[in-house]
Amino acid sequence: MLVGGVVGLRFLVGATRKGLVKGMSRIAYVNGRYVPHRAAQVHIEDRGYQFADGIYEVVAVRHGHLVDEVPHLDRLDRSLGEMRMAAPMARAPLRHALREVIRRNRVADGIVYLQVSRGVAPRGHAFPKDAAPSVVITAKRLAPNYAQMEKGIAVITLPDIRWKRRDIKTVNLTANVLAKQQALDAGAYDAWLVDEAGMVNEGTASNAWIATKAKELVTHTPDYSILNGITRIAVKDLAEKEGYKFVERPFSKAEALAAAEAFITGTTSWVTPVIAIDGKPVGGGKPGPLTRALQRLYEAHADLP
Ligand code: PDD
């Protein structure tokens, strides 16, 4: 039996009942073929499905172009290397496939999702000898959440129970999924994941930042404890170019609550203000001027072809 078939069918039934789901991917790339999304399939013995033995990237599409495509593909290569997986294809055909999925789904503003797993093989922990990697690409329309960027979000803090190599963008997001749902259930938008020493690592799908009262921008050192976000790097570079003070170091929840401003960065969140942590206001409970300035800089950056 094929996993994608079942998931696709359920999705289609849901979509038919509610009318067409806005922004859904219509065409997916699966191992060299462009197929209708509802019929897109991977095998039940795909190692991504059985072991989370795979990696992924999410790249923003803005006015039809890929935002920071090269850094995203560089990080993909890094993830592949850390997983001891060979690149499934050369970069030029990969870039072509990404563009083709965007084009076939008519995405002007949205995201493209790329996943590479170690492939299909009878279940066994050891690397399979001859499996070819599975490559899946989907794209969907998704407008930037301007209302949320304007207003800001509330986060809760939760213990970071993930594995110790969060620098690798693996599809094992179990802990992220649980934390995100716990945040939503608590009436917040996201969770900031905190290490055993009480330091904030990152959000469930974003990097965490504060601006101190001395106007210093602070975000976690890009070590094994966090994913080195491509948006994080872009914002860091933009901030430094503008002459803002920037420092990479861990910060605690107490420091964040006492900070002038807080925000998150990510491919799907851009620069989004954080206005409350665990029910307590940050920066007077409203987005601050540095966050606003970085939002403008990042939007201009994303607009560039
Ligand atoms: N997540 N930290 C984590 C744990 C993430 O999953 C992400 C991105 C980020 C931000 O990275 P970037 O700026 O490169 O998007 C940080 C993607 C968007 C996702 O899982 O959907």
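The structure presented is a predicted model; accordingly, all values stated were derived computationally and were not measured. Counting starts at 1 for both ligands and their atoms, following the listed order.
Proximity of Ile226 to ligand 1, defined as any heavy-atom pair under 4.0 Å, is not found for any part of the residue. The parts of Thr267 lying near ligand 1 are both backbone and side chain, judged by heavy-atom distances below 4.0 Å.
Ion pairing between Glu150 and Arg292 holds under the 4.0 Å rule for side-chain N and carboxylate O.
A distance of 4.5 Å separates CH2 in Trp192 from CZ in Phe251, rounded to the nearest 0.5 Å.
No heavy atom of Ile233 sits closer than 4.0 Å to any atom of ligand 1. Taking a 4.0 Å cut-off on heavy atoms, Tyr56 registers as neighbouring ligand 1. Look at Arg75 and you'll find a heavy atom under 4.0 Å from some atom of ligand 1. Within the structure, ligand 1 has Lys169 among the residues with a heavy atom less than 4.0 angstrom away.
Counting heavy-atom neighbours within 6.0 Å of Arg84 CZ, excluding the residue itself, gives a total of 12 or less. At most 12 heavy atoms of other shown residues, nucleotides or ligands fall within 6.0 angstrom of atom CZ in Arg106.
Lys180 forms a cation-pi arrangement with Tyr189, by the criterion of a distance under 6.0 Å to the ring centre and an angle within 45° of the ring axis.
Nearest heavy atom pair, residue Lys236 against residue Glu248, reads CE-OE2, 3.5 Å. Considering all non-hydrogen atoms of both residues, Ser134 and Asp46 come closest at OG-OD2, 2.6 Å. Of all non-hydrogen atoms in Ala131 and Ala121, the two that sit nearest each other are CB-CB, 4.5 Å. Residue Asp190 comes nearest to Ser206 through the heavy atom pair OD2-OG, 3.7 Å, listed as atom of the first residue, atom of the second, then distance.
Taking all heavy atoms of Ala175, Ala179, Ala234, Ala205 into account, the minimum distance to atom 5 (C) of ligand 1 is reached by Ala205. Looking at Gly266, Ser206, Pro71, it is Ser206 that brings a heavy atom closest to atom 9 (C) of ligand 1.
Distances between N or O atoms of Thr231 and those of ligand 1 include at least one value under 3.5 Å.
Scanning the protein for heavy atoms near atom 2 (N) of ligand 1, the closest one is Glu202 OE1, 2.6 Å. Counting only heavy atoms of the protein, atom 10 (C) of ligand 1 lies nearest to Asn207 OD1, 3.7 Å. The protein non-hydrogen atom at the shortest distance from atom 21 (O) of ligand 1 is Val58 CG2, 3.6 Å.
Atoms of ligand 1 lying under 4.0 Å from at least one heavy atom of Gly229, given by number and element, are 11 (O), 12 (P), 13 (O), 14 (O). Atoms of ligand 1 found under 4.0 Å from any heavy atom of Thr204 (numbered from 1 in listed order, with element): 4 (C), 6 (O).
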